[in-house]
Amino acid sequence: MTLASEGKVTRDARDSQRREMLGLMAAGVVHDVNNLLTIIGNYASFAIDAETPPTPPDEDRWRRLVADIEQIQRAAARGSELTSRLLAFARPGAGAAESLAVNGVVRDALALIRGALGKQIEIVLDLDPDCRPVVFDRTELDQVLVNLIINARDAMPGGGALTLRTRTVGPAEGRGRAVRIAVIDSGEGIPPEVLTRVFEPFFSTKPAGQGSGLGLAVVREIVDGRGGQVLIDSLPGNGTTVELLLPAA
């Protein structure tokens, strides 16, 4: 019985696809960390150049110095957060299912890959402020979202709009409340004959060497394993919407 006929992805295949994404993510994180180091360097210079407060102290000058140091602290904390998320992503199986604030996870996944999206991609965040949390492994949910964001980018080689949307939806079809996470691109869309095969392991329309064909297969395996669903809607010329329907905590 073959892997494709079962429609399942082995752990080796998932790890291979994870390594493929890590290269893209690393490029984005390095870009962001370099920007953060520039901020740290600039504000540190401002603080060093500040004159010692005279007597009596110049309160405005002192407040500016404190503000510069606070900027250094924020940039350093953000750099630490980015590298921690990348390291966590590189260590599969290190986490366990936990209650996750969905909007925060979406923002963090976007931060991991934003530098690799390019300036031609417009990011639109449409996040429900009252979105319910979900119970999920954080690293797995990162992998799913980064995967979908990369696919959306690849569908817009000439640029376009990438929308990330979250909503809480009511009970339906015997299920309880759920959280819907949508990744929407304004790209070329998917022909019907291809759309029926997008979840097949190793199926890819990309040129050789530009994709393993494991992306959506891995997404579906992870989401199905957590009791969720993956839905995809696309028409040629009208972009693509991939929705994750996850049980709400």
Side-chain angles (χ1 to χ4, degrees), residues 18 21-22 24-33 35-36 39-40 70-117 121-153 161-170 176-185 215 218-219 222-231 241-249:
R18 183 188 295 270
M21 287 196 296
L22 272 172
L24 289 170
M25 291 168 60
V29 169
V30 166
H31 174 81
D32 287 339
V33 169
N35 287 342
L36 292 169
I39 293 171
I40 290 171
E70 288 174 343
Q71 289 284 4
I72 293 172
Q73 290 176 324
R74 281 193 286 269
R78 182 60 181 150
S80 177
E81 177 188 350
L82 281 172
T83 53
S84 294
R85 295 306 314 152
L86 185 61
L87 288 172
F89 191 97
R91 293 194 297 265
E98 58 183 313
S99 180
L100 300 174
V102 173
N103 292 344
V105 177
V106 169
R107 289 191 181 96
D108 286 348
L110 179 61
L112 282 173
I113 198 63
R114 184 186 286 272
L117 294 180
I121 303 294
E122 177 191 1
I123 307 297
V124 179
L125 291 178
D126 180 13
L127 307 180
D128 178 3
D130 299 319
C131 191
R132 294 280 293 275
V134 298
V135 176
F136 220 95
D137 178 281
R138 175 61 187 264
T139 302
E140 287 186 345
L141 190 52
D142 279 343
Q143 182 175 4
V144 167
L145 292 173
V146 168
N147 204 320
L148 296 180
I149 292 169
I150 291 172
N151 281 353
R153 181 205 65 176
L162 167 62
T163 302
L164 301 175
R165 177 178 298 153
T166 61
R167 293 290 187 273
T168 300
V169 295
R177 293 181 70 81
V179 171
R180 178 176 285 130
I181 306 173
V183 179
I184 307 165
D185 68 65
V218 167
V219 166
I222 291 174
V223 173
D224 285 355
R226 297 292 179 182
Q229 289 181 291
V230 184
L231 309 173
T241 297
V242 180
E243 291 187 339
L244 309 176
L245 197 62
L246 309 177

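The chain is numbered in sequence order, starting from 1. Not measured: the values here are computed from a predicted model.
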A.B. asks: Nearest 0.5 Å, what's the CD-CG distance between Glu140 and Leu145?
C.D. replies: 12.0 Å

A.B. asks: Measure the spacing between CG of Asn147 and CD1 of Ile222 and express it to the nearest 0.5 Å.
C.D. replies: 8.0 Å

A.B. asks: Do Leu141 and Leu246 come close enough that some side-chain heavy atom pair is under 4.5 Å?
C.D. replies: yes

A.B. asks: So do Arg226 and Val135 actually touch side chain to side chain, heavy atoms under 4.5 Å?
C.D. replies: no

A.B. asks: Within the 4.5 Å heavy-atom criterion, are Gln143 and Thr139 side-chain neighbours or not?
C.D. replies: no

A.B. asks: If I compare all heavy atoms of Ser99 with all of Ala249, which pair ends up nearest, and what's the gap?
C.D. replies: OG-CB, 4.2 Å

A.B. asks: Measure the spacing between OG1 of Thr241 and CG of Asp185 and express it to the nearest 0.5 Å.
C.D. replies: 7.5 Å

A.B. asks: Within the 4.5 Å heavy-atom criterion, are Ile184 and Val124 side-chain neighbours or not?
C.D. replies: no

A.B. asks: Would you check if Val219 and Val242 make a side-chain contact, meaning some heavy-atom pair closer than 4.5 Å?
C.D. replies: no

A.B. asks: Which heavy atom of Val106 sits nearest to which heavy atom of Leu164, and what is that distance?
C.D. replies: CG1-CD1, 3.8 Å

A.B. asks: For Thr166 and Asn103, does a side-chain donor sit closer than 3.5 Å to a side-chain acceptor?
C.D. replies: yes

A.B. asks: Would you name the heavy atoms of Cys131 and Val102 that are closest together and state the gap between them?
C.D. replies: SG-CB, 4.1 Å

A.B. asks: Give, for atom CD1 of Ile121 and atom CZ of Arg153, the distance between the pair rounded to the nearest 0.5 Å.
C.D. replies: 8.5 Å

A.B. asks: Restricting to non-hydrogen atoms, name the atom on Ala152 and the atom on Leu162 that form the minimum distance, rounded to 0.1 Å.
C.D. replies: CB-CD1, 3.5 Å

A.B. asks: What's the shortest heavy-atom distance between Arg114 and Ile123, and which atoms?
C.D. replies: NH1-CG1, 3.7 Å

A.B. asks: Compare all side-chain heavy atoms of Leu148 with those of Ile181 and state whether any distance is below 4.5 angstrom.
C.D. replies: no

A.B. asks: Which one of Asp128, Asp130, Asp126 satisfies the salt bridge (charged side-chain N to carboxylate O under 4.0 Å, His left out) criterion with Arg167?
C.D. replies: Asp126

A.B. asks: Can you tell me how far the CZ atom of Arg165 sits from the CG atom of Leu125, to the nearest 0.5 Å?
C.D. replies: 11.5 Å

